[in-house]
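Read the structure below first, then the notes.
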Protein chains: 2
Amino acid sequence: MDDIDRTILSILQETADVPGKVIADTVNLSTSAVERRISKLKQDGVIEKIVAVVSPKAVDRTLSILVELEIQNEHRHTLEQFQRWLDRAPEVQSCWYVTGDVDFVLLVVVRNLEEYNAFVDRLMNEQQALVRKYKSLIALKTIKHGLELSVHA
Amino acid sequence: MDDIDRTILSILQETADVPGKVIADTVNLSTSAVERRISKLKQDGVIEKIVAVVSPKAVDRTLSILVELEIQNEHRHTLEQFQRWLDRAPEVQSCWYVTGDVDFVLLVVVRNLEEYNAFVDRLMNEQQALVRKYKSLIALKTIKHGLELSVHA
DNA sequence: AGTGAAAAAAAGTGAGA
DNA sequence: TCTCACTTTTTTTCACT
């Protein structure tokens with residue numbers, strides 16, 4: 001992966017629905033060369049996928065909450081099934097297993113507090129043996145939210 | 001926005017680089033109808049953008065850290081410029097202003113601890129008057145990370 | 001709004017440098 | 001691995017239901 005690929009990646013990370021011709025012009029290459037590079041980047045898994053970013057407002061999911069979870073120590077061996085539970089929960093947009101006194105941090109995106117409450121109820125019901133404690137950090141403002149990575153070597 | 005649009009959205013949220021024909025077949029509509037719907041969804045801002053998701057491994061950004069920041073109370077009126085600072089920082093992938101004893105939560109994605117340390121140094125240097133305290137939650141594992149929203153009414 | 005066909009645009013392929 | 005010319009696929013447009 002050379003410098004041109006990185007330039008292509010940083011363009012595609014911002015907007016991927018541009019014709020190859022446009023990219024070709026900015027990197028001074030022919031369209032086919034650019035298309036061939038993009039195919040290879042997909043092939044090699046450098047580009048994992050191309051996705052549509054949907055407006056949270058438009059589908060009424062404007063409430064973001066970071067949830068810090070502490071897990072019962074006795075259940076540390078059952079974490080796998082809990083991770084699957086999280087992975088399947090549609091309200092959970094992101095989720096990390098972290099160091100420190102907190103064990104998991106979840107980013108939960110829902111319609112409103114009622115829906116959040118329902119989510120927490122479900123969590124505490126279906127995973128009551130596991131979760132020792134939780135803390136909700138309600139996002140008053142999302143300053144920035146995306147998946148862009150700095151791509152330079 | 002009807003049910004068909006929502007189906008289209010949920011497909012596009014997963015993978016947006018499929019021909020309209022494929023979507024047309026799954027929603028039982030002609031290609032032109034589907035393309036017209038997609039154009040309108042973009043036009044109306046329901047689809048904010050189409051982006052490439054880049055593999056963190058492939059570009060060597062495998063260290064994710066959640067940073068909790070507490071802000072000096074005296075500087076609450078200067079938050080705007082701090083938000084701009086965060087927005088411009090390439091290491092900061094996401095950032096929320098939250099309720100509770102913590103004020104901001106940042107998702108910082110970097111190459112390694114050295115790079116993270118450099119980031120924190122820069123933060124503390126350039127925003128020393130603002131930041132009272134910070135806490136790093138290092139992600140040992142990213143269970144799930146994306147921008148997908150449940151799209152149903 | 002939708003369909004289906006024609007036109008336009010974009011992406012993919014292969015020979016030669 | 002690039003470019004250039006060519007083919008195939010996809011998207012857009014348009015007349016009509």
Side-chain angles (χ1 to χ4, degrees), chain A residues 1-61 111 146-153, chain B residues 1-61 111 146-153:
Chain A
M1 204 186 29
D2 62 11
D3 226 53
I4 296 174
D5 281 336
R6 292 181 195 277
T7 306
I8 293 173
L9 281 179
S10 72
I11 294 171
L12 258 31
Q13 255 186 327
E14 276 203 23
T15 41
D17 56 349
V18 289
K21 175 85 181 81
V22 175
I23 298 168
D25 288 344
T26 83
V27 299
N28 289 348
L29 233 57
S30 68
T31 307
S32 32
V34 168
E35 300 284 3
R36 213 157 351 96
R37 277 166 181 267
I38 294 173
S39 298
K40 190 162 194 312
L41 288 168
K42 287 182 185 176
Q43 187 84 40
D44 296 349
V46 176
I47 294 173
E48 290 181 347
K49 50 186 179 172
I50 306 287
V51 300
V53 179
V54 172
S55 158
K57 264 195 190 154
V59 295
D60 189 23
R61 296 295 132 97
R111 214 183 296 266
L147 297 175
E148 274 176 57
L149 301 169
S150 37
V151 114
H152 56 262
Chain B
M1 205 186 28
D2 63 11
D3 226 52
I4 296 176
D5 281 337
R6 292 180 197 280
T7 307
I8 293 173
L9 281 179
S10 72
I11 294 170
L12 259 29
Q13 253 185 329
E14 275 204 22
T15 42
D17 56 349
V18 289
K21 175 85 181 82
V22 175
I23 297 167
D25 288 345
T26 83
V27 300
N28 289 347
L29 235 55
S30 66
T31 307
S32 30
V34 168
E35 300 282 5
R36 199 155 6 91
R37 278 166 180 268
I38 293 173
S39 299
K40 190 162 193 313
L41 288 167
K42 288 181 185 176
Q43 187 83 42
D44 296 350
V46 176
I47 294 174
E48 290 181 348
K49 50 186 181 171
I50 306 288
V51 300
V53 179
V54 172
S55 158
K57 264 194 190 155
V59 295
D60 188 25
R61 297 295 133 98
R111 213 183 295 265
L147 298 175
E148 272 176 58
L149 301 170
S150 37
V151 113
H152 57 262

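In what follows, chains are A, B, ... by sequence order, proteins preceding strands, each numbered from 1.
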I need the [atom1]-[atom2] distance between [X] and [N], as an integer number of Å.
X: A/Ile4; N: D/dT1; atom1: CD1; atom2: P; result: 11 Å
X: B/Ile8; N: C/dG2; atom1: CD1; atom2: C1'; result: 13 Å
X: B/Asp3; N: C/dG2; atom1: CG; atom2: P; result: 13 Å
X: A/Asp17; N: C/dA10; atom1: CG; atom2: P; result: 12 Å
X: B/Ile38; N: D/dT12; atom1: CD1; atom2: P; result: 9 Å
X: A/Asn28; N: D/dT1; atom1: CG; atom2: P; result: 18 Å
X: A/Leu41; N: D/dT1; atom1: CG; atom2: C1'; result: 14 Å
X: B/Lys21; N: D/dT9; atom1: NZ; atom2: C1'; result: 13 Å

Nearest to the [X] side chain among [options], which nucleotide is it?
X: A/Arg37; options: D/dT12, D/dT1, C/dG2; result: D/dT1
X: A/Ser32; options: D/dA5, D/dC2, C/dA1; result: D/dA5
X: B/Leu29; options: C/dG12, D/dC2, C/dT3; result: C/dT3
X: B/Ser30; options: D/dT11, C/dA1, C/dT3; result: C/dT3

Salt bridge or not for B/Lys42 and A/Asp17, using N-O below 4.0 Å? yes
Are side-chain heavy atoms of A/Leu29 and A/Arg37 found at a separation under 4.5 Å? yes
Quick check on D/dT13: is either OP1 or OP2 less than 4.0 Å from any side-chain nitrogen or oxygen of B/Arg36? no
Could you tell me whether A/Glu35 contacts a base, only the sugar-phosphate backbone, or nothing, with contacts defined as non-hydrogen atoms closer than 4.0 Å? sugar-phosphate
Checking B/Asp2 side chain against B/Ile4 main chain: does a donor-acceptor pair fall under 3.5 Å? yes
Full working for side chain to side chain contact (heavy atoms under 4.5 Å, CB included) between B/Arg61 and A/Val151: CA-CA 8 Å; B/Arg61 297 295 133 98; A/Val151 114; over 6 Å; no
Heavy atoms of A/Gly45 and B/Ser55 approach each other most closely as O-CB, 3.2 Å
